[in-house]
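Here's the structure, in structure tokens; my notes come after.
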Number of protein chains: 2
Amino acid sequence: MDGRLARGEETRRVTLQRAVELASVEGLEGITIGRLASELELSKSGIFALFGSKEDLQLAAVEHAEKIFRAHVVTPAATADPGLPRLVALLEHWLVYSKSRVFPGGCFFAAVAAEFDARRGRVHDAIRSGQQQWGRFLERLVTEAVEAGHLPADTDAAQLAFELFALARAANTDAVLSGSDVPYERATTAIGNRLRG
Amino acid sequence: MDGRLARGEETRRVTLQRAVELASVEGLEGITIGRLASELELSKSGIFALFGSKEDLQLAAVEHAEKIFRAHVVTPAATADPGLPRLVALLEHWLVYSKSRVFPGGCFFAAVAAEFDARRGRVHDAIRSGQQQWGRFLERLVTEAVEAGHLPADTDAAQLAFELFALARAANTDAVLSGSDVPYERATTAIGNRLRG
DNA sequence: GAACTATATGACCGATCGTTCGTACACTTG
DNA sequence: CAAGTGTACGAACGATCGGTCATATAGTTC
């Protein structure tokens with residue numbers, strides 16, 4: 001174990017990177033091992049052996065996407081002051097994450113959540129628990145803003161977190177579908193008003 | 001042309017009905033002609049001949065889903081008084097449409113919009129224009145509520161329509177993914193507050 | 001240098017995909 | 001009754017799917 005990556009680790013990384021890009025556009029079911037292999041100039045069986053099954057590849061892709069999401073949204077927001085500033089920073093980073101197409105198909109999780117919300121199995125479960133974790137995190141930042149006196153003391157944190165995230169997600173959906181950036185302005189306006197009033 | 005349905009019309013209808021149910025769970029790409037054929041006890045080639053291609057089947061499914069949507073959401077709302085009551089009725093019917101699982105996978109259009117938002121082609125275009133039409137309709141009802149004096153005169157109708165629909169869509173997504181009805185309560189609360197304040 | 005492990009390959013499997021084609025049956029029209 | 005049209009079928013197509021397996025190569029360990 002020296003500092004360099006084992007050969008397999010690197011192959012795994014580039015494969016997952018391509019997989020999450022593909023999945024944000026075509027869905028997790030749209031990923032095919034054969035397509036990944038030809039695009040990355042690897043063999044089907046080589047990629048297959050790295051993950052063990054297509055479902056395990058999908059699960060690994062979800063995990064990989066979560067790392068990317070945290071790096072672009074959660075981690076940067078941590079540098080803002082606790083309370084309302086941090087909450088606002090988180091939402092701003094989320095909108096930039098969507099608008100800048102960190103994933104070419106917009107928010108990865110909006111895409112795969114809609115794809116797997118009504119299915120069963122390990123992939124559904126992984127997506128659901130990831131979304132629940134995100135929801136709890138958002139709610140905690142709202143609570144901290146309330147406790148800091150930046151938001152009214154009688155604020156229902158879970159309710160407000162739902163409303164704020166609803167606006168951000170709608171901006172992502174509308175923007176990707178229509179090809180316009182106007183929805184991001186709408187979400188920014190609405191979020192600002194909601195936190196001010 | 002008497003009153004009865006031609007044989008082909010009826011086959012087409014039941015096929016599309018099953019197709020939209022399937023698509024709301026597995027996506028429009030999840031529809032396969034072979035699967036439809038075996039479930040409906042028809043031949044693959046018979047179904048194929050009815051639509052001409054898989055893409056045309058998907059387009060027909062979108063149209064069929066739009067009819068169902070209008071029957072459950074748009075038409076019933078028309079009986080409410082113009083202005084705010086009609087707008088509220090529309091949103092309530094939308095939430096019931098989602099919650100009662102008119103489509104087993106929740107809102108059909110939330111599912112297929114997320115699936116095709118970043119793709120190209122006729123299916124994407126059909127979904128996009130359908131969603132734009134819905135957005136304009138919602139905005140018009142907001143405008144009518146403003147003109148009736150039920151909402152503040154300085155209301156930005158497009159902005160408010162975006163916010164209201166964002167809340168409803170978020171309820172659908174969260175409810176289907178989590179299997180809980182709490183998101184519908186959240187959306188109802190938020191919509192009520194937004195229209196009151 | 002020998003032994004071992006991790007990594008990757010190509011050939012191949014049965015299943016299913018969308019699609020094509022020739023044909024048979026049912027109905028309407030003349 | 002004959003002809004024509006709409007509807008549906010079964011067989012088959014090439015392509016691709018996820019997955020298996022024996023094998024070759026590269027790196028590490030002793």
Side-chain angles (χ1 to χ4, degrees), chain A residues 1-20 22-23 25-62 112 115-116 119-124 126, chain B residues 1-20 22-23 25-62 64 112 115-116 119-124:
Chain A
M1 195 62 167
D2 54 23
R4 292 168 305 171
L5 257 46
R7 285 178 306 140
E9 279 302 304
E10 177 61 12
T11 308
R12 212 182 134 90
R13 224 188 50 80
V14 301
T15 303
L16 286 178
Q17 183 59 38
R18 186 76 197 102
V20 297
L22 242 162
V25 174
E26 317 248 11
L28 283 170
E29 292 289 5
I31 302 175
T32 73
I33 298 175
R35 186 169 168 188
L36 278 177
S38 71
E39 289 191 17
L40 300 172
E41 296 186 310
L42 296 168
S43 68
K44 262 177 66 171
S45 47
I47 291 183
F48 183 88
L50 270 176
F51 299 96
S53 75
K54 170 149 185 188
E55 192 180 33
D56 284 302
L57 195 171
Q58 291 173 325
L59 288 167
V62 171
V112 303
E115 185 182 6
F116 279 86
R119 301 189 195 196
R120 296 173 175 211
R122 291 194 292 153
V123 179
H124 164 94
Chain B
M1 194 60 165
D2 54 26
R4 294 168 304 175
L5 257 49
R7 288 178 305 142
E9 280 301 306
E10 177 60 12
T11 308
R12 211 182 135 91
R13 225 189 49 80
V14 301
T15 303
L16 286 177
Q17 183 59 38
R18 187 74 196 102
V20 297
L22 241 160
V25 175
E26 318 249 12
L28 282 170
E29 292 289 5
I31 301 174
T32 75
I33 297 174
R35 186 170 168 186
L36 279 176
S38 71
E39 289 192 17
L40 300 172
E41 296 186 308
L42 296 167
S43 67
K44 265 175 67 173
S45 48
I47 291 183
F48 183 87
L50 270 176
F51 299 97
S53 74
K54 168 145 188 191
E55 191 180 32
D56 285 301
L57 197 172
Q58 291 173 325
L59 288 166
V62 171
H64 186 72
V112 304
E115 184 182 6
F116 279 86
R119 300 188 195 197
R120 297 177 175 208
R122 292 193 292 152
V123 180
H124 163 95

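Chain identifiers are assigned alphabetically (A, B, ...) following the order of the sequence lines, protein sequences preceding nucleic acid strands; residue numbering begins at 1 within each chain.
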- Item | Under 3.5 Å donor-acceptor, Glu115(B) side chain and Gly27(A) backbone | no
- Check whether any side-chain heavy atom of Arg18(A) sits under 4.5 Å from a side-chain heavy atom of Ile31(A), and report yes or no. no
- Query: Could you state the CD-P distance from Glu9(A) to dA8(C), rounded to the nearest angstrom?
  - Reply: 10 Å
- Ser43(A) has its side chain closest, among dG10(D), dG19(D), dA8(C), to dA8(C)
- Report the C-alpha distance between Glu55(A) and Arg122(A) in whole Å, list the side-chain angles of each, state the deciding distance to 0.1 Å, and finish with yes or no for side-chain contact (heavy atoms from CB on, under 4.5 Å). CA-CA 8 Å; Glu55(A) 192 180 33; Arg122(A) 291 194 292 153; 3.0 Å; yes
- Query: Is a donor-acceptor contact shorter than 3.5 angstrom present between the side chain of Lys44(A) and the base of dG10(C)?
  - Reply: no
- Message: Please tell me if Ser45(B) has a side-chain N or O lying less than 4.0 Å from either OP1 or OP2 of dT19(C).
- Response: no
- Compare all side-chain heavy atoms of Val112(B) with those of Val123(B) and state whether any distance is below 4.5 angstrom. no
- Query: So do Gln58(B) and Phe51(B) actually touch side chain to side chain, heavy atoms under 4.5 Å?
  - Reply: no
- Note on the structure: note: Glu41(B), atom CD; dA8(D), atom P; distance rounded to Å ~ 14 Å
- Phe51(A) has an atom CZ; how far is it from atom P of dG19(D), in whole Å? 13 Å
- Please report, rounded to the nearest Å, how far the C1' atom of dA8(C) is from the CG atom of Leu40(A). 14 Å
- Message: Tell me the interatomic distance from Lys54(A), atom NZ, to dG18(D), atom P, rounded to whole angstroms.
- Response: 4 Å
- Task: Could you tell me whether Thr32(A) contacts a base, only the sugar-phosphate backbone, or nothing, with contacts defined as non-hydrogen atoms closer than 4.0 Å?
- Result: sugar-phosphate
- Round to the nearest Å and state the distance from Ile31(A) atom CD1 to dT16(D) atom C1'. 17 Å
- Which part of the nucleic acid does Ile47(B) contact within heavy-atom distance under 4.0 Å: base, sugar-phosphate only, or nothing? nothing
- Message: Rounded to whole Å, how long is the line connecting atom CZ of Phe48(A) with atom C1' of dC13(C)?
- Response: 13 Å
- May I have the distance from Ile33(A) (atom CD1) to dG18(D) (atom C1'), rounded to whole angstrom? 6 Å
- Looking across every strand, which nucleic acid part, if any, lies under 4.0 Å from Leu57(B) by heavy atom: base, sugar-phosphate, or nothing? nothing
